[in-house]
Amino acid sequence: MSETALDALLHETRRFPPPETLARDANAQPALYDEAAADRIAFWEKQADWLRWDRRWTTALEWDPPFAKWFVGGRLNACVNAVDRHVEAGFGDKVAYHWIGDGENETRTITYADLQRLVCQAANGLAELGVQAGDRVAIYMPMIPETVVTILACARLGAPHNVVFCGFSADALRGRILDADARVVVTTDGQFRRGSPTPVKPAVDEAVDGCPDVRSVVVVRRTGGDVAWTDGRDVWWHDLVDGQPDSHDPEAFDAEQPLFMMYTSGTTARPKGILHTTGGYLTQVAFTHRMVFDLKPDTDVYWCAADIGWITGHSYIVYGPLCNGATSVIYEGTPHPADQDRWWKLIEHYKVSILYTAPTTIRTLMKWGHELLEPYDLTSLRVLGSVGEPINPEAWMWYRTYVGGGRTPVVDTWWQTETGAIMISPLPGVTTTKPGAAMQPLPGISADVVDNDGEPVPAGGGGYLVLTEPWPSMLRGIWGDDERYRETYWSRFPDIYFAGDGAKRDEDGDLWLLGRVDDVMNVSGHRISTTEVEHALVGHPMVAEAAVVGATDATTGQAIVAFVTPRGSVAADVSSGDEFVQALRNHVAKEIGPIAKPRQILVTPELPKTRSGKIMRRLLKDIAEHRELGDVTTLLDPSVTDAIRGRMSESGSED
Ligand code: WT7
């Protein structure tokens, strides 16, 4: 969104106060902010008391910037908090997950007691493979119940899991297995995409080929059919797990025991292993899940439509909802043009009351039309959430009006892989919302918008979003690289966490997120580094140079546009483009994954550079977004941009 468009919107912003009944009955009341402001640490201690601790902590926070330890001395088991506790409290028959597969007519209902049995068997199985507390386990699986079970089994054993989104390539998976030094990998033979099986294990075989220390690959049979098999290394899940005892004695771990790592893209070519630990992480995901969605565990049916392979899935499909004893829907599929009303069917059928999804999905459903919603009864919905990228006011209004029937609060939740849990968001029973604004930091969270010198901007000003106090679910570091952790997040403004996002504080002091200010793109809510894609492109033998920009896209938020100068025979005949462009797109898919395929690749004999030899990315972004070019006086050779612009108007976008 441009600043002027935003200004215009701020000017005439509509406001939606919480419905009266909700204001009265909501979990979060205005006093929560006062309580947290009066004593932030005591406030978080109170939230931590919602969990079951085997031993209570002695010190709530040890803060040695930029290193934090929360609930020091406390001991707990994450899996016990997510599962056993509810069974012991008499909720064994309560549904934890309604799972809807993407195969033919597949559904499964898993109660908390079922989950406990499955997790115990899986923990016993992994232990049999030698997995011990502290060992890393890589998980490369589609959205099936076994994925949740594996995550929880790792947590039960104190073995940090490293889930890699199934859309990543073998190369990307290998990098993550090696960096985390995982010795065991759990995967499936294949997965279903709208009823059709597609293979998964070949990518694991290819990845593990370069990982000499991986000793076991556990394979869930999902699609059937033949798979390549490495004897002595590969083991079927059903052979390993199904015969195991369905009880397992859990050990309590230190509050700072690593719970998982999740790799995410930054401004360099190498993804970072973001490390999360146990006590603080669970405290904040459980708290935010109760408050931001106003969860009533006895009556709500909650659906977070993210993939478990991303942080949103970890925090708001697995740990948050389970720690709160919620009933969730997991849907393996994604919105598809051939099945445009599937979502509305599911919401009606399962009586979903809380829906959490990304703006890109909302815009897709919006494009297909609100008429599709009309045949369905969606009155069960009472809170709608958005996450992953700035939500434009049009999408926000459509979400509220058509999906929420004009009744439901919309909570736009800002957070990151690094923050572990929601940080800035309205609270349904408290906040008067504005379409497109994330509004205020949650109770217990300190955020600000600062200028270049780190000075807070006044109301009405824009700048950089920072977090000024440590929070319980904050990342504890980058796996194996403390210096990079310090440098990436804590050096732009000393001892203050720099999020990488631009933000604006409006006249009322409310926050509007404006997108990344660094070289990170946001495509359909997925975080992709321009440098990483450039790196992949220049790794192709026919590429001399590449520059990548994120161009505004009406559906996906941003789209990847690459400018490539070829070498060798291709360079001689730039117009032989199509095949070359296709080869490059496939190359990026192989190096990183299909999600990183550029929408458009422009092959050009030269890239526009300044006199000092720097690629002018701003200019390329202007070209990619079809804008008038700004100041080009520092440009070495203006004819280069004219040539690129000529090619841009000739070429359509791909896919
Ligand atoms: C980046 C973090 C948090 C889970 C999903 C993404 C952007 C996230 C919002 C929002 C504006 C948002 C930011 C952030 N982002 N939520 N509500 N409004 N921008 O996690 O992959 O770590 O990406 O997503 O740019 O820095 P992630």
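Note: hydrogens, waters and symmetry copies are ignored here, and every other heavy atom, side chains too, is used. All values reported here derive from a predicted model rather than from experimental measurement. One-based numbering, in listed order, for ligands and for the atoms of each.
Under the 3.5 Å distance criterion, with hydrogens and angles disregarded, no donor-acceptor pair is assigned to the side chains of T417 and Y263. Checking N162 against R136 by side-chain atom types alone, no donor-acceptor pair falls below 3.5 Å. Remark: the Q284 side chain and the S473 side chain contain an N/O donor-acceptor pair separated by less than 3.5 Å. Between the side chains of T552 and E625, at least one donor N or O sits under 3.5 Å from an acceptor N or O. A side-chain N or O of E256 and one of T277 form a donor-acceptor pair less than 3.5 Å apart.
Looking at Y331, its side chain never comes within 3.5 Å of a backbone N or O of W303 through a donor-acceptor pair. Of the possible donor and acceptor atoms, one in the side chain of T288 sits under 3.5 Å from a partner among the backbone N and O of V285.
Of all atoms in ligand 1, listed by their number and element, those nearer than 4.0 Å to a heavy atom of V387 are 3 (C), 4 (C). Near N522, meaning under 4.0 Å from one of its heavy atoms, ligand 1 places the atoms 7 (C), 24 (O). Close approach to D412 involves these atoms of ligand 1, each under 4.0 Å from a residue heavy atom: 10 (C), 17 (N). Taking every non-hydrogen atom of R516 and a distance limit under 4.0 Å, the qualifying atoms of ligand 1 come out as 14 (C), 25 (O), 26 (O).
Scanning all heavy atoms of the two residues, the minimum distance from Y489 to L475 falls at CE1-CD1, 3.8 Å.
Residue, atom and distance of the protein heavy atom nearest to atom 22 (O) of ligand 1 are T417 OG1, 2.6 Å. The shortest contact between atom 23 (O) of ligand 1 and any protein heavy atom is with R527 CD, 3.4 Å. Scanning the protein heavy atoms around atom 3 (C) of ligand 1, the nearest turns out to be W415 O, 3.1 Å. In this structure, atom 10 (C) of ligand 1 lies nearest to the protein heavy atom E389 O, 3.5 Å. Nearest protein heavy-atom neighbour of atom 11 (C) of ligand 1: P390 N, 3.1 Å.
Only the side chain of T312 comes within contact range of ligand 1, with a heavy atom under 4.0 Å; no backbone atom does.
When the heavy atoms of D501, T419, D518 are ranked by distance to atom 13 (C) of ligand 1, first place goes to D501.
An N or O contact shorter than 3.5 Å is missing between S386 and ligand 1 by distance.
For G388, the closest heavy-atom approach to ligand 1 falls below 4.0 Å.
By the 4.0 Å N-to-carboxylate-O rule, D300 lies close enough to R382 to be salt-bridged with it.
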